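One structure is given here, and the rest of the page talks about it.
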Amino acid sequence: MPELPDLEVFAKNLDKHLSGKKLKKINIKNKSKLKSSTKEIKSAIEGSTLKKIFRDGKELRLRFSNSNVLGLHMMLHGRLNYFTNKNEFKYTILELIFADGTGLALTDFQRNARVILNPEPSKVPDALSKKLNSKYLTDALNRNAAIKNVLLDQDVIRGIGNAYADEILWKAKISPFSVSRQIPPARIKVLEKSIRQVLAWGEKEIRKADPDIIGGEVRDFMKIHNPTKKKSPTGAAIKKKSGSRKTYYTNEQVLYK
DNA sequence: AGAAATGTTGCGCT
DNA sequence: AAGCGCAACATTTC
C-alpha cells in the first residue's frame, strides 16, 4: 500500500539494483487489468536494456534503452519482490527475468496492480514537481470541496495518498474539512511547503527504517495518521473520522469555511 | 477472530 | 451539477 515516499525509495533502490541489466524475458501471469496485449508488451521491451527506474505520481516506471516505458501501479496491495532461479510468490501479475538471472515479480493478492505500456504523459503536476507552486495551488483550490479531497484528487496533484494527506494537513495546521476555496493565501503557501516537507521527511524515515526496501510499507513513524498514537507531538488529542478512508486530525488545525 | 488497511473506478444521492 | 459517500476489488495482518 505504498504512497509517494515509499515509491520514491523503491524506485531508487530498484534503479540501483537493476539498471543496466538486459531484460531477457517478461512473463505475464495475470492479464485481467492489462491495457495492452501481452504480445505488444513483450515485443516492446524483451531484449532491451533497462536504463532507469523512477517514480511518477503513484506509478513506478521502467525506461528501457529503446525508449519504451513500462508503468507499474501497485494500487492497494501490489508489491515487488526479487527472486533468483524460480518465482515462488503467490498472486504473481508479471515477472521480469534479466540476462544475469535476476528476477523481479509484481504480486498482488487483490489482483488490482496495473501494468501500463508507454503511459500517456500527464499535465497534472507531481506532488514533488516545481510546477506545484503557489499560483497553481491557488487556482486548484478555488472550489468548494473539502481540502483533503482536493489533495487526494489525482487530477489536481499526483502522488498524495490518504495517510500523507493527514500528515500534510496537520503540519500546515489546516483542518481536513476546510472548504478549499476559503483557505487564505498565506495558508496556501504554508500548505505548499508542508507538502514538500512531509513527503521528503517520509522518504527519509522509510530509508532509515529499511534501507533496501522495494515493497510493503513503513508507517509507524507517522505523527497523526497512526492508530498507535493518542496525541500529536504538541499534545493535542488525535481525533478520527471514519469514511471510505479514515481521517486523523486534531483541534490544532483551523477549519476554514 | 473480526476489523482495518490501502487506491481507483463507477454509481447514486443530494 | 459539483461534491460526496459508498461498494467493490480479496487477502493479510494485527
Side-chain angles (χ1 to χ4, degrees), chain A residues 1-11 29-35 55-61 71-81 88-93 105-116 119-120 122 124 126-127 139-169 175-183 198-199 202-203 205-206 209-210 213-222 224-230 238-249 255-257:
Chain A
M1 4 185 158
E3 290 199 31
L4 186 150
D6 306 275
L7 293 169
E8 193 70 27
V9 176
F10 300 169
K29 303 275 189 181
N30 186 313
K31 298 175 185 171
S32 61
K33 288 291 184 295
L34 226 52
K35 288 254 170 80
R55 178 199 61 79
D56 195 349
K58 292 184 188 178
E59 269 178 31
L60 290 177
R61 300 208 170 158
L72 305 178
H73 196 306
M74 303 298 146
M75 296 296 280
L76 289 174
H77 302 283
R79 48 185 312 171
L80 291 167
N81 319 265
E88 284 174 343
F89 296 105
K90 285 168 83 179
Y91 317 112
T92 297
I93 308 255
L106 170 64
T107 60
D108 181 0
F109 67 75
Q110 208 171 19
R111 300 174 186 89
N112 272 331
R114 287 191 242 149
V115 178
I116 312 111
E120 292 288 316
S122 170
V124 179
D126 184 89
D139 286 350
L141 266 52
N142 187 22
R143 50 176 172 135
N144 293 320
I147 183 62
K148 181 171 179 182
N149 294 342
V150 179
L151 291 184
L152 292 176
D153 187 342
Q154 301 300 299
D155 293 327
V156 175
I157 303 166
R158 289 179 306 128
I160 299 175
N162 190 47
Y164 282 92
D166 287 350
E167 294 292 319
I168 289 165
L169 289 169
S175 162
F177 313 112
S178 293
V179 175
S180 77
R181 176 176 282 152
Q182 304 300 334
I183 299 172
V198 167
L199 295 175
E203 188 184 338
E205 290 292 329
I206 292 160
D210 191 352
I213 191 169
I214 61 159
E217 61 167 350
V218 181
R219 277 261 145 86
D220 39 11
F221 60 86
M222 294 208 143
I224 303 300
H225 191 98
N226 189 333
T228 68
K229 297 204 167 135
K230 293 207 158 52
I238 295 173
K239 300 179 165 185
K240 297 171 200 179
K241 185 174 188 294
S242 294
S244 54
R245 293 286 168 266
K246 197 165 268 185
T247 295
Y248 293 72
Y249 64 104
L255 177 63
Y256 300 97
K257 55 181 284 185

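Every value quoted in this text rests on a predicted model; they were computed, and no experiment measured them.
Taking A/Asp155 as the reference, nothing meets the side-chain hydrogen bond (donor to acceptor under 3.5 Å, both in side chains) condition, with sequence neighbours excluded. Considering only residues two or more places apart in sequence or on other chains, A/Glu203 meets the salt bridge (charged side-chain N to carboxylate O under 4.0 Å, His left out) condition with A/Lys12, A/Arg207. Remark: A/Asp108 pairs with no residue by the side-chain hydrogen bond (donor to acceptor under 3.5 Å, both in side chains) rule, at least two apart or across chains. Here A/Ala165 pairs with A/Lys148, A/Leu152, A/Ile160 under the side-chain contact (heavy atoms from CB on, under 4.5 Å) rule; sequence neighbours left out. Every residue two or more places apart in sequence or in another chain that forms a side-chain contact (heavy atoms from CB on, under 4.5 Å) with A/Arg79 is listed here: A/Asn81, A/Thr107. Remark: A/Phe177 engages A/Ser175, A/Lys241, A/Thr247, A/Tyr249, A/Leu255 in a side-chain contact (heavy atoms from CB on, under 4.5 Å) (not counting sequence neighbours). Considering only residues two or more places apart in sequence or on other chains, A/Asn30 meets the side-chain hydrogen bond (donor to acceptor under 3.5 Å, both in side chains) condition with A/Ser32. Residues passing the side-chain contact (heavy atoms from CB on, under 4.5 Å) test with A/Glu205, sequence neighbours excluded: A/Trp201, A/Lys208, A/Phe221.
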In 5'-to-3' order, the base (B), backbone-only (S) or no-contact (-) status of each nucleotide in nucleotides 8-14 of chain C, using a 4.0 angstrom heavy-atom cut-off, is -BBBS--

Starting at the 5' end of nucleotides 9-14 of chain B, put B wherever the base has a protein heavy atom under 4.0 Å, S where only the sugar-phosphate does, and a dash everywhere else.
-> S-----

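Stems are defined here as 3 or more consecutive Watson-Crick or G-U wobble pairs with pairing distances under 3.5 Å; those involving DNA chain C are B:2-5 with C:11-14, B:7-14 with C:2-9.
C/dA1 and B/dT9: their P atoms are spaced 24 Å apart (whole Å). Taking atom P on both B/dA3 and C/dA7, the two are 15 Å apart, rounded to the nearest angstrom.
Within the 4.0 angstrom heavy-atom criterion, no nucleotide atom of any strand lies near A/Asp108.
Looking at residues 149-160 of chain A, you'll see A/Asn149 sit with a heavy atom under 4.0 Å from some atom of DNA chain C.
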